[in-house]
Amino acid sequence: MLGYIAKRIAFMIPMLFGITLISFLLMHMAPGSPTELYTELNPKVGAEFRERFEAYYGLDKPLPVQYVTWLGRVARLDLGISFSPDKRPVWDKIRERLPITLLLNLLSLVLILATAVPLGVISAVRRGSRFDRTTTVLVFAGFSVPSFWLALLLMKWLGVDLGWLPISGLESLGAANLPPLARFWDRVQHLILPVFVSAVGGLAGISRYMRGSMLEVIRQDYVTAARAKGLPEWRVVYVHALRNSLLPIVTLMGFWIPALIGGSVIFETIFAIPGMGQLFYQSVMARDYPVIQGILLLGSGLTLLGNLVADVAYALVDPRIRFGRT
Amino acid sequence: MKRIWLVLLLAALAACTKGKESETAQAPKETAPPVDLSPAYGDTFVDASIGDASTLLPILATDSASHSVAGLIYNGLVKYDGEYNVVGDLAESWEVSDDNLTITFHLRKGVRFHDGAPFTARDVEFTYRVTMDPNTLTAYRGDFEPVESVEVVDDYTLRVRYKEPFAPALISWGAAVLPRHLLEGKDINTSELGRKPVGTGPFRFVEWLTGQRIVLERNPDYFDTDPDTGMQLPYFSRYVFRIIPDLGVQFNELMAGKIDMMGLKPLQWTRQTDNDRFRSQYNKYKYLANAYTYLGYNLEKPMFQDVRVRRALTHAIDKNEIVEGVLQGLGVPATGPYKPGTWVYNPDVPKYPYDPDRARKLLAEAGWTDTDGDGVLDKDGKPFRFTVLTNQGNDQRLKTAEIIQQRLKAVGIQIEIRVLEWAAFINEFVKPGKFDAVILGWTITQDPDLYDVWHSSKAVPGGLNHTHYRNAEVDDLLVRARKTFDRAERKRLYDRFQEILAEDQPYTFLYVPYALVAVSNRVHGIRPAPAGITYNFERWYVPKALQRHAETP
């Protein structure tokens with residue numbers, strides 16, 4: 001098992017190189033340049049500014065040199081300095097946004113799992129029932145509804161018309177002066193809508209997976225055997241069948257790891273949440289190469305790690321795979 | 001019950017405010033309780049922006065969000081008032097020498113930076129030096145390029161010499177004065193002052209939560225006083241700059257009363273704000289924005305070289321219809337590159353009212369007739385067809401193009417519309433001059449110098465005169481006007497410049513949109529002027545009885 005993990009990790013390194021190389025090239029092939037935002041159609045800014053800017057960041061050097069310089073810096077755990085006028089280290093810019101995105105994604109993941117798994121199981125057990133059909137329609141409706149539209153409607157209803165919830169942002173203006181408990185409650189109120197809206201879209205996938213896999217398991221001989229030996233139905237379903245039917249979900253979890261640090265631009269823009277999605281979008285728009293590269297590196301690293309974790313987890317929960325391979 | 005009373009109160013107050021070009025709520029007069037509306041200190045002003053600031057060191061910033069926040073933290077030596085007159089800010093007075101080559105500034109005494117350090121002429125000299133420093137990544141070096149030398153005469157006197165007379169010189173000293181004692185000998189590009197600014201302005205920095213908000217508080221040592229009341233400025237205790245990237249959400253926040261000011265879209269102005277809830281909380285202000293949209297012709301193309309053809313095109317386009325259709329009527333037709341209502345604007349230039357018959361006649365004079373009867377004009381066997389390019393993501397420009405397409409079709413000119421991604425549009429088409437016509441916009445700068453856009457020396461690949469307009473008289477006028485300090489004389493030169501542009505029609509100037517702003521009606525002291533409303537923000541206040549945000553330490 002350990003050997004297997006070591007081998008997988010060794011394979012990841014050339015893969016990571018490949019990913020960074022391709023993304024580096026793609027980025028530089030895209031039209032536009034980092035200085036464009038400042039110099040385009042601006043009578044006051046001359047070519048001379050562009051030259052100074054390029055010299056400052058080494059953009060006047062050949063591409064391979066730039067790539068190797070970047071790699072060298074990454075090897076020393078330095079992601080470089082952003083092109084934007086704030087000139088802040090890339091890692092600082094990522095670090096201040098990461099917790100917000102992680103918190104939101106984790107909360108919505110928990111909400112999705114807590115809702116979708118029971119929904120899927122019940123749908124499978126009562127296959128074809130009215131409950132099954134209704135949830136199918138509802139989760140797909142949730143999946144199909146554009147999140148920005150749902151968000152705006154809920155905002156208008158709960159925030160403007162009823163005034164129950166705050167509309168956007170992460171905390172109220174005076175939150176810093178509130179006592180800890182009130183401040184916590186303020187934060188919770190701000191998170192309700194974003195977490196709910198982001199979970200609505202994710203329900204369909206997981207609940208369908210769960211239903212499918214449960215249906216498959218429930219038809220198996222050992223479940224019939226469990227029933228035959230007189231176990232109560234809930235024990236059969238929730239202890240014997242559920243455990244096996246969770247397998248595909250566990251695999252999916254691996255893929256969720258990179259998604260945890262990725263934010264959706266539309267979603268963050270709507271709720272005015274300063275997360276990773278906005279940072280990435282803005283850096284692409286401004287051709288802020290160091291930030292783009294930094295986020296891609298983080299994302300691809302986590303994707304590879306996620307794949308590994310999924311495989312390992314799969315082996316851990318399924319003895320057949322574990323014994324088959326070693 | 002209490003809330004209802006408050007709403008009534010606000011509604012009544014909105015009805016009381018007068019002398020504004022704004023629409024105010026109608027509320028029965030008898031419900032208005034006597035309220036003291038005199039200027040008072042206190043309350044928080046919550047502003048909203050779709051984008052975060054990038055840096056609060058203004059010489060490094062190029063985005064409007066950064067400049068609008070930094071504008072409250074720093075002062076320049078001079079500034080524009082509401083009528084675009086240059087008035088003193090950190091400079092009490094100044095003299096321009098007879099040869100127009102030297103400006104001597106006399107600075108205010110006793111001004112302190114937010115950290116307590118005194119402000120002197122050395123700070124101004126440093127600001128000049130750091131702007132010109134080749135290591136500084138600033139986009140504003142051009143402002144000081146014509147300067148020959150800057151000399152500190154004493155702590156409160158500064159003498160600037162120019163290589164040649166340069167009229168925009170004076171206002172270039174409106175640039176934010178940076179604190180020398182905090183920046184000297186350091187790399188300004190990575191200075192922490194970009195995140196924690198220190199200036200002399202009416203507000204000082206408190207905190208900046210990236211992507212969420214920037215908070216400023218009243219500078220208790222600010223040098224300026226309200227000339228009407230003699231009270232020290234500013235009135236607001238706090239200023240909060242909230243980042244809300246989506247305009248629909250901003251509007252929701254506005255309706256919920258969580259922000260005090262917002263720029264509205266035409267549809268929001270005409271429809272969504274047309275309800276009692278909105279009227280009871282906000283005043284709306286509209287004034288011409290500093291921008292115009294135009295249809296520019298590539299004058300290298302033979303079909304556009306005949307001035308009669310360009311005049312015919314303008315005659316064939318109904319500008320009012322575009323203003324109506326694209327801006328819901330919230331704009332005015334443009335006739336030249338300056339903003340109507342400002343001192344430099346010349347209202348008496350030749351105009352080309354919508355007149356398709358006249359357009360057809362002019363085109364026939366120029367040799368364009370429909371000889372083969374296919375509905376499209378032709379000359380020497382070539383049909384009058386061209387492509388109009390515009391950039392993606394600007395719905396107003398696209399709609400404008402579609403309206404123009406219909407109108408030109410009516411006089412027998414066929415145009416095709418192509419929408420391109422911005423970077424490709426500029427680099428592949430506009431800069432190398434590979435286009436027939438473009439729909440684009442220019443910002444109307446506060447100083448009228450347009451040398452960079454209209455002088456023939458800029459009609460080169462990469463230059464801003466991308467339609468390649470060349471006119472010797474215009475060249476001469478532009479050069480003379482930028483060397484003339486006397487405003488009346490300068491205006492005469494620019495009046496002639498506008499006349500020639502109108503006669504030549506190198507662009508069809510389309511429209512100047514209105515800036516549409518909603519401001520909470522508890523805010524008083526707003527005086528709409530040609531420059532808009534925010535130019536006197538430090539004089540805005542909320543009367544004691546209407547203050548919403550309690551003072552917090």
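The sequence lines fix the lettering, A, B, ..., with proteins before strands; numbering per chain opens at 1.
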Legend entry - Pick from A:Gln278, A:Arg88, A:Lys156 with the largest number of heavy-atom pairs that fall under 4.5 Å of chain B: A:Arg88
Legend entry - Heavy-atom pair count under 4.5 Å with chain B, highest-scoring of A:Val160, A:Ile270, A:Leu173: A:Val160
Legend entry - B:Ile50 versus chain A, the contacting section by heavy-atom distance below 4.5 Å: neither
Legend entry - Contact winner vs chain A - B:Glu428, B:Glu145, B:Lys458, B:Arg277, heavy-atom pairs under 4.5 Å: B:Arg277
Legend entry - Minimum heavy-atom distance A:Leu98-A:Trp91, with the two atoms named: CD2-CH2, 4.5 Å
Legend entry - NZ/NE/NH1/NH2 to OD/OE distance under 4.0 Å, A:Glu171 and B:Arg213: yes
Legend entry - Heavy-atom pairs under 4.5 Å with chain A, option from B:Gly211, B:Gly51, B:Pro245, B:Ser54 with the top count: B:Pro245
Legend entry - Check against salt bridge (Lys or Arg N to Asp or Glu O under 4.0 Å), B:Asp43 and B:Arg238: CA-CA 7 Å; B:Asp43 213 344; B:Arg238 265 172 187 255; over 6 Å; no
Inset, instruction - Please check if atom CG in A:Leu107 has more than 12 non-hydrogen atoms from other residues, nucleotides or ligands closer than 6.0 Å. - result: yes
Legend entry - Region of B:Val215 that comes under 4.5 Å of a non-hydrogen atom in chain A: neither
Inset, instruction - Step through the shown structure and confirm whether more than 12 heavy atoms of other residues, nucleotides or ligands are within 6.0 Å of CZ on B:Phe166. - result: yes
Inset, instruction - Apply the test ring pair (Phe, Tyr, Trp, His ring centres under 6.0 Å) to residues A:Phe83 and A:Tyr57: give CA-CA distance (whole Å), side-chain angles for both, the deciding distance (0.1 Å), then the verdict. - result: CA-CA 8 Å; A:Phe83 285 173; A:Tyr57 286 107; 4.5 Å; yes
Inset, instruction - Heavy atoms only, distances under 4.5 angstrom: which of B:Leu137, B:Thr55, B:Thr136 has the most pairs with chain A? Name it, please. - result: B:Leu137
Legend entry - Residue selection (most heavy-atom pairs with chain B, distance under 4.5 Å) from A:Ile273, A:Leu170, A:Thr269: A:Thr269
Inset, instruction - Give, as side chain, backbone, both or neither, the part of B:Glu421 having an atom under 4.5 angstrom from any heavy atom of chain A. - result: side chain
Legend entry - Selection from A:Gly275, A:Ala151, A:Ser168, A:Ala272 maximising heavy-atom pairs under 4.5 Å formed with chain B: A:Ser168
Legend entry - Which of B:Gly248, B:Ala424, B:Pro134 touches chain A most, by non-hydrogen pairs under 4.5 Å: B:Pro134
Inset, instruction - Could you tell me which portion of A:Ser172 (side chain, backbone, both or neither) has an atom closer than 4.5 angstrom to a non-hydrogen atom of chain B? - result: backbone
Inset, instruction - Inspect the contact between A:Arg183 and A:Asp186 and indicate whether a charged nitrogen and a carboxylate oxygen are less than 4.0 angstrom apart. - result: no
Inset, instruction - Specify whether B:Trp454 and B:Tyr507 have parallel, tilted or perpendicular ring planes, treating 30° as the upper limit for parallel and 60° as the lower limit for perpendicular. - result: tilted
Inset, instruction - Check whether more than 12 heavy atoms from other residues, nucleotides or ligands sit under 6.0 Å from atom CZ of B:Phe429, and answer yes or no. - result: yes
Legend entry - Toward chain A, the part of B:Asp187 with a non-hydrogen atom under 4.5 Å: side chain
Legend entry - Top contributor to chain B interface from A:Asp161, A:Ile167, A:Asp86 [non-hydrogen pairs under 4.5 Å]: A:Ile167
Legend entry - Residue B:Ile243 versus chain A: region with a heavy atom under 4.5 Å: backbone
Inset, instruction - Let me know if B:Val249 has heavy atoms under 4.5 Å from chain A in its side chain, its backbone, both or neither. - result: both
Legend entry - Flag if over 12 foreign heavy atoms under 6.0 Å of CG, A:Leu162: yes
